[in-house]
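This structure is a prediction, so every number in the text was calculated from the model and none was measured. Here, residue 1 is the first one in the sequence, and each next residue gets the next number.
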Amino acid sequence: MTQSRVVVRTCPEPARAALEQHGLHPVLARVLAARGITSERQLDTRFASLLPAQGLLNCATAADLLADAIVRGERLLVIADYDADGATACALAVSVLQALGADIGYLVPNRFEFGYGLTPEIVELAATRSPHWLITVDNGIASVDGVARAARLGMRVLVTDHHLPGPTLPAAACIVNPNQPGCGFQSKHLAGVGVMFYVLLALRGVLRARGHFADRAEPNLADGLDLVALGTVADVARLDDNNRTLVDQGLKRIRAGRLRPGIEALFRVAGRDPRRAGAYDLGFVLGPRLNAAGRMTDMTVGIECLLSREPARALELARQLDALNRERRDVETQMQESALAASPEEVAANGFTLTLFDQTWHQGVIGILASRLKDRFHRPVIAFAPAGAEELKGSGRSIPGLHLRDALDLVAKRHPGLVLRFGGHAMAAGLSVRRTDLETFRTAFEQVVQTLLSPADLEQIIEVDGPLAPEDCGLELAQAIEGHVWGQGFPPPQFCDDFEVLDKRVVGGRHLRLRLRQPGAARAVEAMRFGEDAPLPARVRTVYRLQVNEYNGLRTPQLVIEQWQPA
C-alpha cells in the first residue's frame, strides 16, 4: 500500500437503520448511508423519479423556440464539443430533432484548428451552411464573442451547456444550463447530454400540445438513454440522485438489448458483453474509445458511429475508434515517460502543484497525462502542449479541496493578461497562455494554490467502508452491490481488512490470482490484484472491493485488491 492514510467513512446511524429496516443488506445500508442516502426514495431509479424539466431555467423557452423553428422549417445546426459528452449530446440532439421533423445538421470543431466552444471562427464556418439557428451542446456558456458574431451574421443561438459561467453570459436567444445564475434546478451536475435530454423532453411536450404528432409517430425519448448514460459517466459527472437515475435507466436498456448500433459496436470491438454492462464499461471501456476520436483527429467519426443505423457501418466506425484509442495509449505512454524523466518527484516534494510542458506533447492527450500525474503525486497538475508558434494549450486536473476553475480565475485576476483563455469545472479545466509566460504562470499558479490548500490537503486519503465480516464476503452482498450504479461522487464500496495469503499465482502475465483468509475465518475467498505480479507476504492489510466474478456461466464472489501493505 502506498503511503496514504486510510479513513473509514462516517455512517449516520439513523439513515443506516432506516435503510436496513427497508430490507437492504446491513452492509449495503451502511455503505449507502455513508454516501448521503437517507431514505429508500433516493434509490428509486424509475424514469418517473426524474426531476421535472420545468425546474430547469429556460428549458420551456428553449422548447418553444425549437418548436417554432421546426414548424417554420428553419435550418438548425448543432455545434458539438469534441469529447464523449459532446459527442453523445450531439448524436442525441440530431437523432431526436430529425425524428421530430427538423431540418438538422451538426458541426464539431477540430480541437487543433479551432479550439473549444462556439468561437467566432467556428461561427464563420457554420455560416457557410446558412443555418437559422446554432444549438450548442456541452459548450457555449463562455462564448460571448462567438454568440455576438453569430448575431451579426443573422443567426440565432440556443446555448445548452453545463459548465460554470464566467462573469458575463453570452447574449444568446436562450441559455439552458443548470449552473447559470438564477437556475434552481436541484441537480447541478447534469452532463451536457443530460441538459440536451431535458430540452428534448420539454420540446416533445410542446409539440404534443400543439398536435404535431397527429400525422407522425411520436419518438420515444427513452431510446436515447443509452447515449445519456454513456455521456454522463464518460464525462465523470457527479452521480447525484438524478444522474444515477439517468445512468441506471440507460444501463438497463443496454443490458436488455435496446441499444443503438453504434454503442453495440463499441462493446463488440472492446470484447465486452452489453448484457452485463455497468458504469465501468461506460467510463473506462466505451468512453475512452469515443474520446480517442476527439483527442487524436476529429470527433466526427465518433458522432457518425453513434448516429449510424446500419450495424455494419457502425462496426466499421467503431473499429476506427478502437484503432485511434490504441494510438492514443501509445502516445500517452511516451508522454508519461518523458514527464517522469523530468523528475517531477522533486517538484512535488517541494511544492503544491505541478506545471509541465514538453515541445513533443500531443494536445489531445495532455488531459490524460495531467490526470495520471495527479493520481501519482496527489497534486493539482497542469500539462501544456504547443498550440501554434506563440501559444501553449494546457489541461489541468485537481485534487479534493481545490476548485481548479476558481483557482485559474484567481490567477487571471491577480495577473491580468497572463491567462489568455480558461474554463472548466472544480476537478478539470483547460487554459491557454503565451509560450513566453509559462514560467510566470507556473509561479503564479503555485502561489495561488498555496493560499487555497494546506499541507494536509496534499496527503492522499483513501476512504473505505470499514471491515467486512467473513460471512459477508459472499455472493449475496456482491450481487447487492452490483445492483447499484457507482461512480463520481458515489464511489463503489471498498473495505479494509487483514488477510492470510494462502495461495498466489501470476495469471495473464501481470496479474495475481490469490486465495485469502481472514484470521479466524473458516473459509478462504478468491481475490485478484490486477497489474501487479510481485509476490505478497504471508499476511497483508488490504483495501479491496467485493464483486461478482462470472466464468462459464458460474457467478462467484471475488475480492479485487486495490492497495496492500504487510500486515
Side-chain angles (χ1 to χ4, degrees), residues 79 81-83 86 107-128 139 142-146 148-149 166 291-300 324 327-328 330-342 344 347 353-371 373 381-397 404-405 407-409 411-424 428-446 448:
I79 308 297
D81 186 23
Y82 41 68
D83 67 359
L107 177 64
V108 57
N110 183 305
R111 75 195 300 162
F112 310 111
E113 295 179 36
F114 294 102
Y116 169 78
L118 186 69
T119 61
E121 293 80 11
I122 280 295
V123 171
E124 297 279 354
L125 183 59
T128 64
N139 74 92
S143 302
V144 175
D145 294 340
R149 184 61 181 150
N291 273 322
R295 294 188 185 282
M296 305 308 294
T297 55
D298 185 283
M299 185 47 95
T300 302
L324 286 170
E327 180 186 347
R328 186 272 304 169
D330 291 341
V331 170
E332 179 194 338
T333 298
Q334 295 166 10
M335 288 169 59
Q336 279 197 65
E337 289 173 353
S338 65
L340 295 174
V347 179
T353 65
L354 280 173
T355 300
L356 303 165
F357 164 68
D358 190 290
Q359 179 64 34
T360 66
W361 285 352
H362 193 293
Q363 262 189 54
V365 188
I366 50 175
I368 300 177
L369 176 65
S371 182
L373 295 174
V381 176
I382 297 181
F384 283 97
E390 298 181 358
E391 287 189 17
L392 302 178
K393 183 167 290 186
S395 187
R397 298 294 184 269
L404 188 55
R405 186 205 169 277
L408 292 175
D409 187 45
V411 171
K413 287 173 178 173
R414 290 184 180 180
H415 303 270
L418 176 60
V419 181
L420 302 176
R421 292 171 295 279
F422 72 95
L431 71 156
S432 295
V433 301
R434 298 177 191 85
R435 281 178 180 256
T436 53
D437 287 338
L438 177 62
E439 287 304 320
T440 303
F441 173 81
R442 180 182 279 119
T443 301
F445 183 55
E446 173 72 20
V448 162

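- The backbone N or O of T353 sits less than 3.5 Å from a side-chain atom of E446, completing a donor-acceptor pair.
- One finds the CD1 atom of I79 at 4.5 Å from the CG atom of L107 (value rounded to the nearest 0.5 Å).
- In this structure, CE on M335 lies 11.5 Å from CG on L340, to the nearest 0.5 angstrom.
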| message | Set out, in order, the CA-CA distance, both residues' side-chain angles and the distance that settles side chain to side chain contact (heavy atoms under 4.5 Å, CB included) for F357 and I366, then state yes or no. | response | CA-CA 9 Å; F357 164 68; I366 50 175; over 6 Å; no
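- Not a single donor-acceptor pair under 3.5 Å links the side chain of N139 to the backbone N or O of Y116.
- A side-chain contact (heavy atoms from CB on, under 4.5 Å) with V331 holds for exactly one of L369, I368, V365; it is V365.
- Residues M299 and V108 approach most closely at CB-CG2, 3.8 Å, considering heavy atoms.
- Of all the heavy atoms in P344 and A339, the pair that sits closest is CD-O, 3.2 Å.
- Under a 4.0 Å N-O distance rule, the pair K413/D409 qualifies as a salt bridge.
- Counting all heavy atoms, side chain and backbone alike, I122 lies closest to P109 at CD1-CB, 3.6 Å.
- In this structure, E332 does not pair ionically with R295, as no charged nitrogen and carboxylate oxygen lie closer than 4.0 Å.
- One finds the CH2 atom of W361 at 10.0 Å from the CD atom of Q336 (value rounded to the nearest 0.5 Å).
- A distance of 9.5 Å separates OH in Y82 from CG in N110, rounded to the nearest 0.5 Å.
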| task | List the steps and the verdict of side chain to side chain contact (heavy atoms under 4.5 Å, CB included) for L408 and V419. | result | CA-CA 8 Å; L408 292 175; V419 181; 5.5 Å; no
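- Not a single donor-acceptor pair under 3.5 Å links the side chain of R397 to the backbone N or O of A370.
- Nearest heavy-atom pair, L420 versus G417, reported as atom, atom and distance to 0.1 Å: CD2-O, 4.0 Å.
- Remark: side-chain polar atoms of T443 are paired, donor with acceptor, to backbone N or O of E439 under 3.5 angstrom.
- Atom CD of Q359 has more than 12 neighbouring heavy atoms from other residues, nucleotides or ligands inside a 6.0 Å radius.
- Atom CZ of R405 and atom CG of L431 lie 12.0 Å apart (nearest 0.5 Å).
- In this structure, the side chains of R435 and P386 come closer than 4.5 Å at one or more pairs of heavy atoms.
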| query | Given M296 and H362, is the side chain to side chain contact (heavy atoms under 4.5 Å, CB included) satisfied, shown in steps? | reply | CA-CA 8 Å; M296 305 308 294; H362 193 293; 3.8 Å; yes
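- Expressed to the nearest 0.5 Å, how far CZ of F422 lies from CD1 of I382 amounts to 11.0 Å.
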| task | Under the side chain to side chain contact (heavy atoms under 4.5 Å, CB included) rule, what do F441 and L392 come out as? Steps first, then yes or no, please. | result | CA-CA 11 Å; F441 173 81; L392 302 178; over 6 Å; no
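- Here the side chains of T440 and V433 are not in contact, with every heavy-atom distance at 4.5 Å or above.
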